[in-house]
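Read through the structure below, which is laid out as structure tokens, and then see the notes.
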Number of protein chains: 2
Amino acid sequence: MTKRPADPTNGSAPAARQVPMRDFSRSLPMSLLRAREAVMRQFRPSLREHGLTEQQWRILRALASIEAAEVTELARTAFLLGPSLSRILRDLEARNLIERKTAKADQRRSMVSISKEGVKLMASVAPTSEAIYAEITSRFGARKLAELQEMLGELEQSLAGLGAGNEASAEE
Amino acid sequence: MTKRPADPTNGSAPAARQVPMRDFSRSLPMSLLRAREAVMRQFRPSLREHGLTEQQWRILRALASIEAAEVTELARTAFLLGPSLSRILRDLEARNLIERKTAKADQRRSMVSISKEGVKLMASVAPTSEAIYAEITSRFGARKLAELQEMLGELEQSLAGLGAGNEASAEE
DNA sequence: CGGAGATACTTAACATGTTAAGTGAATGCG
DNA sequence: CGCATTCACTTAACATGTTAAGTATCTCCG
């Protein structure tokens with residue numbers, strides 16, 4: 001077992017010496033991926049016991065906090081792409097955890113809300129979930145956690161409107 | 001439209017008032033997810049133009065830096081689960097971007113290495129990729145970037161060996 | 001030597017990520 | 001009004017994430 005802790009200086013890696021590139025394992029995307037995985041690993045078992053995936057849980061939480069919402073709004077809140085959300089809502093509806101009804105004013109839109117059962121399920125998961133979050137906060141440090149989230153927000157901000165690319169040129 | 005900026009006190013939301021929970025959108029997993037997505041959004045178009053997904057690119061980079069590796073080692077380096085890696089290697093091999101040969105000493109293991117074509121493809125992608133990384137570094141700030149990665153690493157460390165749970169008790 | 005148990009992968013099955021296309025309902029404009 | 005556009009979703013298709021099984025090897029101990 002022993003985990004083998006990343007091995008910094010890597011020693012070897014003789015051939016393929018052309019494109020240096022940052023040590024791959026230290027790239028920003030990898031750092032973010034690993035950090036997130038380390039966090040999620042804590043929550044998944046508990047969610048799983050309640051028959052929920054991470055994304056389903058995100059949707060329930062989002063719905064519990066905004067009462068009812070259109071699909072598009074929900075996608076933005078839960079940070080899911082439309083197609084994923086569409087599938088998940090279909091399943092959650094089949095399990096009676098959410099309810100859906102098309103808006104009268106605009107037949108295209110549908111309002112989604114959490115059901116009584118959904119609320120009940122959330123109530124049964126929330127305590128454990130909160131406890132885990134508290135443990136994480138305690139281990140990492142509340143202050144550092146706040147700082148980290150601050151930086152993550154800034155990173156997001158600094159990249160906003162970059163990938164859009166064709167913001168006002170080339171019409172493809 | 002108007003975005004509706006999170007709305008702290010949430011005003012409404014009369015029902016479901018039981019479990020407060022942190023404002024969902026500010027949870028650590030969400031912060032990490034959004035930050036990572038903001039970053040990856042920059043790279044995906046370029047990778048896509050070269051017919052590569054994010055994961056395939058991770059594997060090629062990993063292979064380029066370690067010459068040859070067993071599947072398990074590669075999985076650890078590229079931070080992919082075995083099953084994902086298995087599928088991706090099958091595809092990359094079919095595209096002649098990697099090569100595989102079973103180890104003589106242990107028929108179970110197979111050594112994977114990047115092919116000449118693979119190296120060529122990497123060379124064609126790397127410049128753009130590096131340019132994007134440089135732009136991100138410049139926008140966010142090199143120093144802050146280093147700090148952020150430092151914190152992410154610490155977060156990972158502080159959670160290491162927590163999720164393992166049954167470390168030395170309950171045999172399920 | 002032989003077979004139980006551990007290893008290193010690979011398959012399978014189901015859920016989501018990601019992009020493109022499809023569908024039905026609103027809108028805008030001539 | 002008529003119809004091309006735009007909208008809000010949903011489907012489709014392919015790739016990966018995630019957990020559980022399956023397969024061939026290898027190890028080790030009796």
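Chain A is the first sequence line, chain B the second, and so forth, proteins listed ahead of strands; every chain is numbered from 1. Since the structure is predicted, the reported quantities are computational estimates derived from the model, not experimental observations.
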Whole-Å gap separating [atom2] ([N]) and [atom1] ([X]):
| X | N | atom1 | atom2 | result |
| --- | --- | --- | --- | --- |
| A:Arg34 | D:dG17 | CZ | P | 15 Å |
| A:Glu37 | D:dT18 | CD | C1' | 10 Å |
| A:Arg41 | D:dG17 | CZ | P | 14 Å |
| B:Leu52 | D:dT16 | CG | P | 10 Å |
| A:Phe43 | D:dT18 | CZ | C1' | 18 Å |

Inset, instruction - Please determine, for the side chain of B:Arg48, which listed nucleotide (D:dC26, C:dA20, C:dG17) has the closest atom? - result: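 Per side-chain heavy atoms of B:Arg48, the pick is C:dA20.
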
Legend entry - Candidate nucleotides C:dT19, C:dA25, D:dG17, ranked by approach to the side chain of B:Arg44 - the nearest: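 That would be C:dT19.
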
Legend entry - Presence of salt bridge, A:Glu156 and B:Arg41, under 4.0 angstrom: no

Inset, instruction - Determine, for B:Glu37 against B:Arg44, whether the closest basic-nitrogen to carboxylate-oxygen distance falls under 4.0 angstrom. - result: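 A salt bridge is present here (some side-chain N lies under 4.0 Å from a carboxylate O).
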
Inset, instruction - Please report the shortest heavy-atom distance between B:Ser25 and B:Arg34, naming the atom on each side. - result: CB-NH1, 4.2 Å

Inset, instruction - Considering non-hydrogen atoms only, spot the tightest contact between A:Ser129 and A:Phe43 and give its length. - result: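 Closest pair (atom of A:Ser129, atom of A:Phe43, distance): O-CE2, 3.4 Å.
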
Legend entry - Nearest-0.5 Å distance that lies between atom CZ in B:Arg61 and atom CD1 in B:Ile114: 11.5 Å

Inset, instruction - Give every residue pair that meets the salt bridge (Lys or Arg N to Asp or Glu O under 4.0 Å) criterion with at least one member in residues 116-128 of chain A, sequence neighbours excluded. - result: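 Of all non-adjacent pairs touching residues 116-128 of chain A, none passes salt bridge (Lys or Arg N to Asp or Glu O under 4.0 Å).
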
Protein-nucleotides 8-15 of chain C N/O pairs closer than 3.5 Å?
unit_1: C:dA8; atom_1: OP1; unit_2: B:Arg109; atom_2: NH1; d: 3.2
unit_1: C:dA8; atom_1: OP1; unit_2: B:Arg109; atom_2: NH2; d: 2.8
unit_1: C:dC9; atom_1: OP1; unit_2: B:Ser110; atom_2: N; d: 3.0
unit_1: C:dC9; atom_1: OP2; unit_2: B:Thr72; atom_2: N; d: 3.2
unit_1: C:dC9; atom_1: OP2; unit_2: B:Thr72; atom_2: OG1; d: 2.8
unit_1: C:dT10; atom_1: OP1; unit_2: B:Arg100; atom_2: NH1; d: 2.9
unit_1: C:dT10; atom_1: OP2; unit_2: B:Ser86; atom_2: OG; d: 2.7
unit_1: C:dT10; atom_1: O5'; unit_2: B:Ser86; atom_2: OG; d: 3.2

Legend entry - 5′-ward residue of the pair B:Leu80/B:Gln107 relative to DNA chain D: B:Leu80

